[in-house]
Amino acid sequence: MIKLIATDIDGTLVKESTPEIYPEMLELIRRWTDGGGYFCVASGRQYYSIRHMFEEVSDRIIYVAENGAHVRYKEQDILVQKMRRDYVEQIMAQLREFYEECDVVVSASSGSLLESENEKFLRFFAEGYHNKYRVVKDVLAEKEDILKIAVYREGSIRSLGEKILIPAWQDKVMTCMAGEEWVDFMDASVDKGNALKVVQKHLGVTAAQTMAFGDNDNDIGMLTAAGISYAVENARDSVKIHAGAVCPSYEEKGVYQVISRLMEGEN
C-alpha cells in the first residue's frame, strides 16, 4: 500500500518555470492527505518558491528543496546540508567567467543571493519562480552558509554543462543538469534520493510504500529510492531507464492521472 508520493515539479508536474500548479492537482493533494497519505514535492527550487507554488495546500506538503539540500515539514527543518566554503569560492570564480551569457543563483537557507544585473533574468526569476532573493555586489561577502549554486542560460545550457562544468566538478560536488537551462552544484552528499530516504525514515515509511515521479537527471536518485516509480513521457531516456514505468507527460497531466487511478483502486 502506497503511503508516500514524491514528485518533481518542473518538467514533471508542469512545464519548466511555470509559477502555478493546476487546480485539479491541488484538490488531489487535499484528498490524498485527507486520506492519511503523505505528499512530498522534490525540486531544485528553493523552499520559499515551492511553498508559494503550493500555497493553498502548503501545510500538507513535505518539501525537498534545492535538489535535496533542504528538507522541511510542518515548519521544521529535517535536513539542511551546506556546501564546503572552498568549493563555493572556486565554483563562483569559474562561473563568473560566463556572466556575459549566464546568470548565477546562490541559495542559502534565508533565500537566494544574486549578483546579476540582467533585468530580464531578475523578472523571470521573480515571476516564474516566486523566489525570495537579494541582489548583492558579492555573494561571497555575505558570509552565509550556501546550500546550492545554480547557473542558468536561456534556451539551453546543456552543452556548457555537460562538456565543461559538470566534468570539472563531478568528482568534488554533486552537480547535474536540472532542466534544459540549469546546472546545479551541491554538497557531494546531496541527492533527491538521499533526501527521500531521510523523509521515509522521519515518517516511518518504507521504500515499498513510496511512489515517485520525475523527468530529469536530478530525479534518478529519487526514482530508485521508491518502490514504484514513473518517468513522464517527456523525460530523457537516461531517466526512463531508471524508472519502473513511463506515464503521460506533464502536458497530459500524467502524474495526476496515475495518482487518480491509485486512489480509485484503493477506494
Side-chain angles (χ1 to χ4, degrees), residues 5-30 32-33 39-73 75 102-114 116-135 147-157 176-184 192 213-216 218-219 222 232-235 248-257 259:
I5 295 174
T7 182
D8 171 54
I9 298 175
D10 297 283
T12 300
L13 275 182
V14 293
K15 182 180 179 181
E16 288 190 27
S17 308
T18 301
E20 298 176 346
I21 294 294
Y22 49 92
E24 304 97 306
M25 192 68 217
L26 296 175
E27 180 56 31
L28 193 68
I29 293 171
R30 289 189 185 95
W32 174 253
T33 53
F39 197 88
C40 173
V41 179
S43 174
R45 297 188 187 215
Q46 65 164 230
Y47 163 72
Y48 297 102
S49 172
I50 304 172
R51 186 177 178 86
H52 185 279
M53 195 173 194
F54 290 84
E55 186 63 36
E56 292 184 32
V57 292
S58 59
D59 60 335
R60 301 168 182 256
I61 300 291
I62 302 159
Y63 300 90
V64 172
E66 311 290 10
N67 284 324
H70 190 190
V71 180
R72 191 171 175 86
Y73 183 45
E75 305 300 327
C102 298
D103 290 279
V104 175
V105 178
V106 176
S107 297
S109 296
S110 62
S112 297
L113 305 173
L114 294 85
S116 178
E117 297 179 354
N118 181 348
E119 291 297 331
K120 181 180 179 181
F121 174 75
L122 293 177
R123 286 195 302 273
F124 162 71
F125 192 66
E127 297 171 7
Y129 289 97
H130 292 289
N131 279 310
K132 180 179 179 181
Y133 72 92
R134 290 183 290 125
V135 177
L147 308 184
K148 188 186 76 175
I149 301 173
V151 55
Y152 168 87
R153 182 164 69 183
E154 185 178 6
S156 177
I157 198 173
C176 61
M177 295 292 303
E180 190 63 31
E181 299 175 315
W182 295 91
V183 174
D184 289 349
K192 287 186 182 181
F213 300 86
D215 79 303
N216 218 316
N218 61 338
D219 298 317
M222 178 172 66
V232 287
E233 180 57 46
N234 54 284
S249 71
Y250 66 83
E251 293 180 314
E252 299 178 72
K253 301 179 180 177
V255 175
Y256 174 83
Q257 290 188 42
I259 299 174

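Starting from 1, each residue takes its place in the sequence as its number.
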(message) With a 4.5 Å cut-off on side-chain heavy atoms, are V232 and Y250 touching?
(response) no
(message) I want to check something: taking the side chain as every heavy atom from C-beta on, are E56 and I21 in contact at a cut-off of under 4.5 Å?
(response) no
(message) To the nearest 0.5 Å, what is the distance between CE on M25 and CH2 on W32?
(response) 10.5 Å
(request) With the side chain counted from C-beta on, respond yes when M53 and V14 share a heavy-atom pair under 4.5 Å apart, and no when they do not. (result) yes
(request) Look only at the side chain of Q46 and the backbone of S107, and say whether a donor-acceptor pair between them is shorter than 3.5 Å. (result) no
(request) Would you check if there is a donor-acceptor pair between the side chains of D103 and S116 at a distance under 3.5 Å? (result) yes
(message) Return the CD1 to OG1 distance between I9 and T7, rounded to the nearest 0.5 Å.
(response) 8.0 Å
(message) With a 3.5 Å distance limit and no angle check, can you tell me whether N234 reaches the backbone of G11 through a side-chain donor-acceptor pair?
(response) yes
(message) Please check: side-chain N/O of E181 versus main-chain N/O of G155, any donor-acceptor pairing under 3.5 Å?
(response) yes
(request) Evaluate the side-chain proximity of S109 to Y47: yes if any heavy-atom separation is below 4.5 Å, no if none is. (result) no
(message) I'd like to know if the side chain of R30 reaches the main chain of V57, judged simply by a donor and an acceptor atom lying under 3.5 Å from each other, with no hydrogens or angles considered.
(response) no
(request) Using a strict cut-off of less than 4.0 Å between a Lys/Arg side-chain nitrogen and an Asp/Glu carboxylate oxygen, indicate whether R51 and E75 qualify as a salt bridge. (result) yes
(request) Drop me the distance from Y73's OH to R60's CZ, to the nearest 0.5 angstrom. (result) 10.5 Å
(message) With a sphere of 6.0 Å drawn around CD of Q257, does it hold more than 12 non-hydrogen atoms of other residues, nucleotides or ligands?
(response) yes
(message) As a test of understanding, state which of N218, L147, D219 forms a side-chain contact (heavy atoms from CB on, under 4.5 Å) with N67.
(response) N218
(request) Might you point out which heavy atoms bring A178 and N216 nearest each other, and give the distance in Å? (result) C-ND2, 4.1 Å
(request) Please report the closest heavy-atom contact between G44 and D184, naming both atoms and the distance. (result) CA-OD2, 4.4 Å
(message) Quick one, N131 and Y48 - any side-chain contact, counting heavy atoms below 4.5 Å?
(response) no
(request) Give the minimum heavy-atom separation between K192 and D8, together with the two atoms involved. (result) NZ-OD1, 3.0 Å
(request) Would you name the heavy atoms of M177 and E180 that are closest together and state the gap between them? (result) CE-O, 3.9 Å
(request) Please confirm whether the backbone N or O of Y129 pairs with a side-chain atom of S49, one donor and one acceptor, at under 3.5 Å? (result) yes
(request) Using side-chain contact (heavy atoms from CB on, under 4.5 Å) as the criterion, point out the one residue from L28, I29, I62 that pairs with F39. (result) I29
(request) Specify the closest pair of heavy atoms between S249 and E233, including all atoms of both residues, with the distance to one decimal. (result) N-CB, 3.8 Å
(request) To the nearest 0.5 angstrom, please state how far the CD atom of E24 sits from the CD1 atom of I259. (result) 13.0 Å
(message) Quick check: closest heavy atoms across V183 and I157, and the distance to 0.1 Å?
(response) CG2-CG2, 3.7 Å
(message) Tell me whether the rings of W182 and F121 are parallel (<30°), tilted (30 to 60°) or perpendicular (>60°).
(response) tilted
(message) Once rounded to the nearest 0.5 Å, what's the spacing between atom OG of S112 and atom CZ of R134?
(response) 10.0 Å
(request) Compute the centroid of each ring, for Y152 and then for F125, and state whether the two points are separated by less than 6.0 Å. (result) no
(message) Walk me through whether L122 and Y133 qualify under side chain to side chain contact (heavy atoms under 4.5 Å, CB included).
(response) CA-CA 10 Å; L122 293 177; Y133 72 92; 4.2 Å; yes
